[in-house]
Amino acid sequence: MTRTAYVTTPIYYPSGKPHLGSAYTSLAADVYARFKRLDGFDTYFLTGTDEHGLKIQRAAEKEGLTPQAFVDKMAADFKQLTPMMGLSNDRFIRTTDIDHLAAATTMWQALEKNGFIYKAKYAGWYSVPDETFYTEEELVDGKSPDSGHPVEWVEEESYYFKLSAFGDKLLAYYEQNPDFIKPDSRRNEVMSFVKSGLKDLSISRSTFNWGVPVPGDDKHIMYVWIDALTNYLTATGWPDTTHANWKYWPAVHLVGKDILRFHAVYWPAMLMAADVPLPKCVFAHGWWTVDGAKMSKSKGNVIDPAQLVTEYGRDQVRYFLMREVPFGQDGDFSHARMIDRINKDLANDLGNLFQRVLSMVAKNCDGVVPEMLELSADDRTLLEVAKHLPAKVRDAVEGLAFNKALDAIWEVVSAGNRYMDSQKPWELKKTDPARMAHCLRVLIESFRPVSVVLEAFMPESAKRMQELVGVTDAVLELPSLAAGTQLPSPSGLFMRIQTEAA
Ligand code: MSP
């Protein structure tokens, strides 16, 4: 039976343009999806836009557009993330898609049928930018505890979801499934939140109308998060469990730390209430700051991923974002760090090594893969680290530790550079040409797994690397290369970025 994998990003509010934060989760999900495909999994990768709610309705009004016209216009920018960042998503879902409206309605009906929805009066604080309800005690200085935005007093008749019925069940689930919420520090936060007691959740609004109508009560629309979370099921064809995509469920959800509660508490409670199996894992990543400061429109320091890609190259940006900061921790963006990583890791360590070895092969071995002689201890050391690379990367990606996967790849690159320095093939050229050819062959062997696993991170560059070292079929278990195979003439992989200081 084919193994399946399903990975999702949050669906983004298309109230503004995509920024570094949106590009980041999508990129991480892409790396995961690409690696799973390399590893033989039938993989589904979902991203999209969250198009209902008061925040969107108000943004549309500001521009004098209907909400639908507004989201049609804005969703296009988020769709652009796919070619811009080189994403391999299988679907770009919009919560205004017909099948999603149907799935959200079905979700509501399932909750209602199972007795978890009731009607009552709601009075409390609402933050529009967060699309979140808060109690008086939760506010910080009278503002949203999540974003610091002002809140509005809301009093209306509302439908409620009996979230309070799920506290014990959720806690038991977290206990039995220690990998359900990652990283561990976040899991602890969620557990103490649930332990402190869950209140029922207001899940409908009647003071505006940009949302999915509540079935059987047109005066109400669904609270945007109920609608939004269901997108992860919509794409699987749910509730049709004979649908071709149902095999992908359950998903790995990648989310920012600010929206963990929705994914690790509300969403699993809804799924329990609707009798749907729970996600495989919810992983909360950290936030990017810029030169130490929070990214914000008012500060004018919002990083535009499109501009980064134009300036540095798509694979370079992908590499930097995955390497610089452990996934799960907050990180700081700076152009200086980006340039440093491109010049040192990519141009020097990786690109130069390939270039030096492959041009020696072109010049001295007619561009064909040399014979392998008897292995020395040094040869074995390099070949061993290279051999274990796919398994190491697999473990790291499975744990969503993308920087560790890249560390493991760079261990091989560094071992290759050390080998080059110690064997000095340019000297062997005069003293022992057969040994020189052998050393180049050992280096080529070490490059091959590197070129394959890097495909998840830097798809275009990795493809070029694969061509250079005769990988025709990128699989984790590479067959060994036949001596005499003709290699293409080498070309540079990564340009150095010139800085004023340099
Ligand atoms: N629409 C909801 C998600 C619904 S999922 C069913 C939403 N959208 S959002 O557009 O406001 O945020 C999307 C994601 O961007 C969140 O995961 C958030 O953490 C992430 N980021 C926003 N700013 C960020 C940074 N500065 N750094 C990293 N990620 C950040 O919430």
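Nothing here was measured: the structure is a model prediction, and the numbers come from that model. As a basis for the values below, the full set of heavy atoms in this structure was taken, side chains included, without hydrogen atoms, waters or symmetry mates. Counting starts at 1 for both ligands and their atoms, following the listed order.
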Judged by modelled atom types alone, do Y232 and H263 share a side-chain donor-acceptor pair under 3.5 Å?
yes
Check ligand 1 for N or O atoms under 3.5 Å from a protein N or O and list each pair with its distance.
residue, atom, partner, partner atom, Å
ligand 1, 1 (N), I11, O, 2.8
ligand 1, 1 (N), D50, OD2, 2.7
ligand 1, 10 (O), Y13, N, 3.1
ligand 1, 17 (O), G256, N, 2.9
ligand 1, 19 (O), D258, OD1, 2.5
ligand 1, 19 (O), W287, NE1, 3.2
ligand 1, 26 (N), W288, O, 3.2
ligand 1, 27 (N), W288, N, 2.9

Can you sort out the partners of Y32 under ring-ring contact (aromatic ring centres under 6.0 Å, His included), two or more places apart, ordered by chain and number?
none
In terms of side-chain geometry, is the basic nitrogen of E189 or R186 positioned less than 4.0 Å from the acidic oxygen of its partner?
yes
H335 meets the ring-ring contact (aromatic ring centres under 6.0 Å, His included) criterion, sequence neighbours left out, with Y312, F333
Pairs involving residues 316-329, ordered by first then second residue, that meet salt bridge (charged side-chain N to carboxylate O under 4.0 Å, His left out) (sequence neighbours left out)
D30-R318, R323-D345, R323-D407, E324-R337, E324-R341
Indicate whether the side chain of N245 and that of T236 have a donor and an acceptor atom separated by less than 3.5 Å.
no
